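Nothing here was measured: the structure is a model prediction, and the numbers come from that model.
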Amino acid sequence: MRVRVAPSILSADFSHLARDIRMVEKAGADLLHIDIMDGHFVPNISIGPVVVAAIRRVTRLPLDVHLMIADPLAYIDPFVKAGSDMITVHAETISAAQFKPYARRLQKVGVQAGVSLNPDTRVDKIKLFLPYIDFVLVMSVYPGFGGQAFIPSALAKVVKLRSMFKGDISVDGGVNHAVAAQLIKAGATMLVAGSYIFGAPNKRKAIERIRNE
């Protein structure tokens, strides 16, 4: 399976966001990762549906929208209307029973449904979600800020998830070319990288090194 690379716009220059998005699109990005932070579930605030809608207008890339927010159910519909292609909620914020009808609704309109796990959350927390979601996002840093170092325990999580889940496994946090090789071997199929890509002088080379290292 070809590994897909998702630059995280949290590391882009927001004063030139359209320019940076087009830059990574031309460099070979497969999708864009967009972190939505509310200052409650994570200690930071980022953007909302209005900015996602603006991003939708400047790129054809799929938009992978990560809801790092305390009440995801209240915001799923606005982010779908804004043009999201993938929506991730956190297993720490919602039960499988609560999310199931929303996941079905998302899939009916062509939006993939995913669930994320924070570094301290055990894989068992996600078992009840697995039968009806499209992908899992493993956080390999504590969410809220870009540029953090990769937490090695994420590798074991990917291995365990791959043994029980056939869908996509994405990893977000501290991903560089060296970490990518280990994650791909463990079973990851999507890799999110922010500072490693947006901070690289040659973004095409950075993306290819993540995908193929």
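- Placement of Val123 and Val159 in two distinct hydrophobic clusters is found when ILVMFWY residues are connected by side-chain heavy-atom separations under 4.5 Å, directly or transitively.
- For the pair Ser140 (side chain) and Gly173 (backbone), a donor-acceptor distance under 3.5 Å is present.
- Judged by distance alone, with hydrogens and angles left aside, the side-chain atoms of Asp77 form no donor-acceptor pair with the main-chain N or O of Val80 at under 3.5 Å.
- In this structure, Ile76 and Phe99 have side chains that are in contact, with non-hydrogen atoms separated by less than 4.5 Å.
- With contacts defined as side-chain heavy-atom distances shorter than 4.5 Å, the pair Val192/Ser170 qualifies.
- Comment: Glu208 does not engage Lys205 in a salt bridge, judged by the lack of any side-chain N to carboxylate O separation of less than 4.0 angstrom.
- No donor-acceptor pair closer than 3.5 Å links the side chain of Arg4 to the backbone N or O of Met190.
- Side-chain contact, His33 with Asp35: a donor N or O sits under 3.5 Å from an acceptor N or O.
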Criterion side-chain contact (heavy atoms from CB on, under 4.5 Å) on Gln112 and Leu106, from CA distance to verdict: CA-CA 6 Å; Gln112 292 189 353; Leu106 288 172; over 6 Å; no
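- More than 12 heavy-atom neighbours from other residues, nucleotides or ligands sit within 6.0 angstrom of NZ on Lys160.
- For Ala200 against Lys203, the heavy-atom pair with the smallest separation is O-NZ, 2.9 Å.
- The CG atom of Leu61 sits 11.5 Å away from atom CZ of Arg22, with the distance rounded to the nearest 0.5 Å.
- The shortest distance between side-chain heavy atoms of Ile210 and Tyr196 falls below 4.5 Å.
- Atom CD1 of Ile36 sits about 5.0 Å away from atom OG of Ser46, to the nearest 0.5 Å.
- Note that the CD1 atom of Ile45 and the CD1 atom of Ile69 stand 12.5 Å from one another [nearest 0.5 Å].
- Within a 6.0 Å sphere centred on CZ of Arg122, heavy atoms belonging to other residues, nucleotides or ligands number 12 at most.
- The two residues Ala91 and Phe129 make their nearest non-hydrogen contact at CB-CE1, 4.1 Å.
- In this structure, the side chains of Lys81 and Pro49 stay at 4.5 Å or more apart for every pair of heavy atoms.
- Met86 and Ile169 fall into different hydrophobic clusters, defined by Ile, Leu, Val, Met, Phe, Trp and Tyr side-chain heavy atoms under 4.5 Å apart, directly or through other members.
- We find the CG-CD1 distance between Leu191 and Ile184 to be 5.5 Å, quoted to the nearest 0.5 Å.
- Residues Glu92 and Phe41 come closest through the heavy atom pair OE1-CZ, 3.8 Å.
- The two residues Pro7 and Phe198 make their nearest non-hydrogen contact at CB-CE1, 3.8 Å.
- Under the 3.5 Å distance criterion, the side-chain polar atoms of Ser84 are left unmatched by any main-chain donor or acceptor of Leu63.
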Working for side-chain contact (heavy atoms from CB on, under 4.5 Å), residues Leu117 and Met139: CA-CA 6 Å; Leu117 293 172; Met139 292 302 300; over 6 Å; no
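- In this structure, the side chains of Ile55 and Leu17 come closer than 4.5 Å at one or more pairs of heavy atoms.
- No donor-acceptor distance shorter than 3.5 angstrom exists from the side chain of Asn44 to the backbone of Gly39, with no hydrogens or angles considered.
- Hydrophobic clustering of Ile, Leu, Val, Met, Phe, Trp and Tyr side chains at less than 4.5 Å, counting indirect connections, unites Phe79 with Val51.
- Nearest heavy-atom pair, Gly28 versus Arg211, reported as atom, atom and distance to 0.1 Å: O-NH2, 2.9 Å.
- The existence of a salt bridge linking Asp85 and Arg60 is excluded, since no basic side-chain nitrogen approaches an acidic carboxylate oxygen closer than 4.0 Å.
- Residue Lys157 comes nearest to Pro119 through the heavy atom pair NZ-O, 3.1 Å, listed as atom of the first residue, atom of the second, then distance.
- Contact of the Asp30 side chain with the Arg2 side chain is registered, since non-hydrogen atoms from C-beta on lie closer than 4.5 Å.
- The backbone N or O of Phe165 sits less than 3.5 Å from a side-chain atom of Arg162, completing a donor-acceptor pair.
- Expressed to the nearest 0.5 Å, how far NE2 of His66 lies from OG of Ser8 amounts to 10.0 Å.
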side-chain contact (heavy atoms from CB on, under 4.5 Å) between Val5 and Ile197, intermediate numbers included: CA-CA 10 Å; Val5 178; Ile197 293 174; 3.8 Å; yes
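- The closest donor-acceptor contact from the side chain of Arg56 to the backbone of Thr59 lies under 3.5 Å.
- Without hydrogens or angle criteria, Asp20 side chain to Asp13 main chain gives a donor-acceptor distance under 3.5 Å.
- Hydrophobic clustering of Ile, Leu, Val, Met, Phe, Trp and Tyr side chains at less than 4.5 Å, counting indirect connections, keeps Leu31 apart from Ile34.
- Under a 3.5 Å cut-off, the side chain of Ser116 and the backbone N or O of Val89 do not form any donor-acceptor pair.
- Side-chain contact of Tyr142 with Asp120: a donor-acceptor pair under 3.5 Å is present, judged by distance alone.
- With hydrogens and angles disregarded, no donor-acceptor distance shorter than 3.5 Å links the side chain of Asn118 to the backbone of Thr121.
- Note on Tyr102 and Leu67: same hydrophobic cluster, where clusters join Ile, Leu, Val, Met, Phe, Trp and Tyr whose side-chain heavy atoms are under 4.5 Å apart, directly or indirectly.
- When side chains are defined from C-beta on, Val111 counts as touching Ile87, because their heavy atoms get closer than 4.5 Å.
- Counting heavy-atom neighbours within 6.0 Å of Tyr75 OH, excluding the residue itself, gives a total of 12 or less.
- In this structure, CG on Leu73 lies 7.5 Å from OG1 on Thr93, to the nearest 0.5 angstrom.
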CA sep, side-chain torsions, deciding dist, call: Val3, Thr189, side-chain contact (heavy atoms from CB on, under 4.5 Å): CA-CA 5 Å; Val3 173; Thr189 54; 5.6 Å; no
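- Side-chain contact between Ile126 and Val136: present, with at least one pair of heavy atoms (C-beta onward) separated by less than 4.5 Å.
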